[in-house]
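Only one structure is covered here, and it is reproduced in the block below.
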Amino acid sequence: MGIYLNPGDELFWQAAHSEIYVDKTGLLNYTNKVLRTSQKYLCVSRPRRFGKSMAANMVAAYYDRTVDASSTFAGLAIRQSDDFETYRNKYDVIQLNMQNFLSRTHDMQAFLQRLKKSILWDVLEEYPDYRYFDSEDLIRTLSDVHRQTERPFVIIIDEWDCVFREYRDNNEWQKLYLDFLRDWLKDNSSIALVYMTGILPIKKYGTHSALNMFREFSMEDPLELAPYVGFTSEEVQALCRRYERSFEECQRWYDGYSFHEVSEVYNPHSVVEAISSGRFDTYWNQTETYEALKIYITMNFDGLRDSIIKLLSGERQSINTKTFGNDMTSFQSADDVLTLLVHLGYLGYDSSTEEVFIPNQEIAREYYNAITTTDWDVVVRALKQSEQLLQAVLDKDTEAVAKGIEEAHMESSHIQYNDENALSYTLSLAFYSARQKYKIFRELPTGKGYADLVFLPRPLHTDLPALVAELKWNKNAKAAIQQIRDRRYGKALEDYAGRILAVGISYDKETRQHECVIEEYRK
């Protein structure tokens, strides 16, 4: 067993024997399917703490010829596969974490030299008696080993994109790195599988990729690997039952990522932390502070600020992801910034509608923390006063409600009261803090110039009334109340029984003043 060649199964064994472990060994069914085929190149990009390294260790433990996978994977899903015995422990595995090499060097030449020398050290120690054409040439040496053993290599590269994150402005070093990977991996018959993980998709040179042989599984579209991005709803429900935690709270805090193949995906690290501690909170900032998010959302691109405000209010934003250069610097538009936030995990992405959204409460907190340290004074004030606004509604203080909505109508932005979408997310922003205690539903508008939101109390807050908020443009607040009556509260309240506060709000375009009327009902 070497450091990089056939490193063994210890790291995966530790993960599989942890107090909380969710079985993701089904991933190996896919790697077995593409092994030694033209589809053998896999690039799997995920945000931080989404289990990338655990999966890499799992792949290594399964294929490493020095490991007994029948013992290591006992009781796990892959043991039930017909192909389990066919492929397990049949290969020489080279497992690399590029961050470890990068942290020990200061330029790209030294980085590549140390990387090649480290692999060769292990290979020549394992196979000292073979004939080598050039024992200092990595690619030729691995080919010589393959020729004499007739056993191809499985290459596992973790943190493959660290060069682009650490040296984001050094295009020359990035190109050298990509050229090395291409020369080593592409069209190499001595390689059975390449499993590469990172945060970013593969970097492009203009319209071309230096590593175009890879199939990419990203946060935009993880394809067949969607069940292995994070925890599924069924997996989280099982954990909540086992540890007697609230599934509804877990869902609110950590759910929200969604793909064609899996409709509900949870942040695995945060779920484990919450289940272990019994406290639902923000665990994202243990891996990357809100300062990083702040850098991106305050960039000087037209429409970016309003898009962030819209997203924070719970709405979705259409974007074009195709112009993104797969790095952290070459942004051409607000869409490029938002696409990066998808890959970093700060936004969810719906590929069917090409829309982004803030996925859950944990990530919304990070946006709140980032925005409250910016110079977006009007937005910051609206966010900080949203809790008082909710209390004003519950107290039926109509003057305070009207004033709070007025402050949330941000004169300095491009948000105008001229379509129902703008009205809806203005209201949503004003009631930002209500998400802690309510589920918020947007009812479909039936006419021009108004927005309708329904607030249903969460299970831990059933003592609170349901709320229906209606905003009318250039009409009085009583007209908004009448609208609520005529619609019979909307579909979101069909199964609700209890107190309801109807909150009618009007906006006068000429005076730019708001008026509020609140009536209480019981259903």
Side-chain angles (χ1 to χ4, degrees), residues 45-47 50 200-201 215-233 251-252 254-267 293 296-297 301-326 331-364 366-367 414-416 418-429 432 435 439-446 448 450-454 490-492:
S45 56
R46 302 281 184 272
F50 264 70
L200 297 173
R215 191 178 188 205
E216 298 202 58
F217 304 83
S218 72
M219 293 300 282
E220 283 186 56
D221 192 352
L223 304 169
E224 296 96 325
L225 300 190
Y228 312 107
V229 172
F231 291 170
T232 65
S233 181
Q251 188 178 43
R252 178 169 75 93
Y254 311 119
D255 185 19
Y257 303 97
S258 179
F259 310 110
H260 282 303
E261 296 79 2
V262 183
S263 60
E264 293 184 40
V265 175
Y266 293 67
N267 181 323
L293 176 61
Y296 298 117
I297 66 176
F301 289 104
D302 287 344
L304 179 58
R305 171 173 159 165
D306 282 347
S307 292
I308 296 299
I309 295 170
K310 181 178 179 180
L311 292 166
L312 190 65
S313 71
E315 299 295 322
R316 293 185 168 214
Q317 173 68 37
S318 297
I319 68 167
N320 176 15
T321 63
K322 302 302 185 290
T323 61
F324 181 55
N326 295 354
F331 305 115
Q332 303 297 320
S333 66
D335 283 358
D336 289 347
V337 178
L338 296 176
T339 303
L340 174 63
L341 295 181
V342 170
H343 294 292
L344 295 177
Y346 286 111
L347 289 175
Y349 179 70
D350 186 336
S351 59
S352 62
T353 62
E354 299 184 335
E355 293 175 322
V356 291
F357 51 90
I358 295 177
N360 54 47
Q361 177 64 22
E362 180 180 44
I363 304 303
E366 292 303 296
Y367 279 89
H414 298 298
I415 299 172
Q416 300 292 329
N418 55 15
D419 66 63
E420 53 268 16
N421 291 322
L423 301 181
S424 179
Y425 69 77
T426 297
L427 276 180
S428 296
L429 185 68
Y432 173 80
R435 298 171 190 276
K439 289 182 179 179
I440 302 179
F441 300 89
R442 176 180 171 184
E443 293 292 290
L444 294 175
T446 59
K448 183 179 180 180
Y450 67 87
D452 186 8
L453 297 176
V454 175
K491 293 182 179 180

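Throughout, numbering of the chain's residues begins at 1 and tracks the sequence.
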Heavy-atom closest contact ([X] atom, [Y] atom, distance):
| X | Y | answer |
| --- | --- | --- |
| Asp302 | Ala334 | O-CB, 3.8 Å |
| Val342 | Gly348 | CG2-O, 4.4 Å |
| Pro47 | Leu344 | CB-O, 3.4 Å |

Any non-hydrogen side-chain atom of [X] less than 4.5 Å from a side-chain atom of [Y]?
| X | Y | value |
| --- | --- | --- |
| Thr323 | Asp336 | yes |
| Leu338 | Leu341 | yes |
| Tyr254 | Pro359 | no |

Requested in this report: Go through Ile297 and Tyr346 one step at a time and tell me if the side chain to side chain contact (heavy atoms under 4.5 Å, CB included) criterion holds.
Outcome: CA-CA 11 Å; Ile297 66 176; Tyr346 286 111; over 6 Å; no
Can a donor-acceptor pair be found, under 3.5 Å and without considering hydrogens, that links the side chain of [X] to the backbone of [Y]?
| X | Y | result |
| --- | --- | --- |
| Tyr257 | Met219 | no |
| Asn360 | Asp255 | yes |
| Ser263 | Ser258 | no |

Requested in this report: Please report the C-alpha distance between Tyr367 and Tyr432 in whole Å, then the side-chain angles of each, then the deciding distance to 0.1 Å, and finally whether the ring pair (Phe, Tyr, Trp, His ring centres under 6.0 Å) criterion is met.
Outcome: CA-CA 12 Å; Tyr367 279 89; Tyr432 173 80; over 10 Å; no
Query raised in the report: What residues form a side chain to side chain donor-acceptor pair (under 3.5 Å) with Gln251, not counting sequence neighbours?
Result: Glu264
Requested in this report: Decide yes or no on side chain to side chain donor-acceptor pair (under 3.5 Å) for His260 and Ser351, but give the supporting numbers first.
Outcome: CA-CA 8 Å; His260 282 303; Ser351 59; 3.0 Å; yes
Query raised in the report: Under 3.5 Å, is there a donor-acceptor pair linking the side chains of Thr321 and Glu220?
Result: yes
Euclidean distance, [Y] [atom2] relative to [X] [atom1], rounded to 0.5 Å:
| X | Y | atom1 | atom2 | result |
| --- | --- | --- | --- | --- |
| Ser318 | Asp335 | OG | CG | 9.0 Å |
| Phe50 | Ser45 | CZ | OG | 11.5 Å |
| Leu347 | Ile363 | CG | CD1 | 9.0 Å |
| Asn320 | Thr339 | CG | OG1 | 7.5 Å |
| Leu311 | Ile358 | CG | CD1 | 5.5 Å |
| Gln361 | Arg252 | CD | CZ | 5.0 Å |

**Report entry** Contacts of Phe217 that satisfy ring pair (Phe, Tyr, Trp, His ring centres under 6.0 Å) - sequence neighbours left out
**Finding:** Tyr30
Query - Ring geometry between Phe324 and Phe331 (parallel below 30°, tilted from 30 to 60°, perpendicular above 60°) - result: parallel
Requested in this report: Not counting sequence neighbours, which residues clear salt bridge (Lys or Arg N to Asp or Glu O under 4.0 Å) with Arg316? List them please.
Outcome: Asp350, Glu355
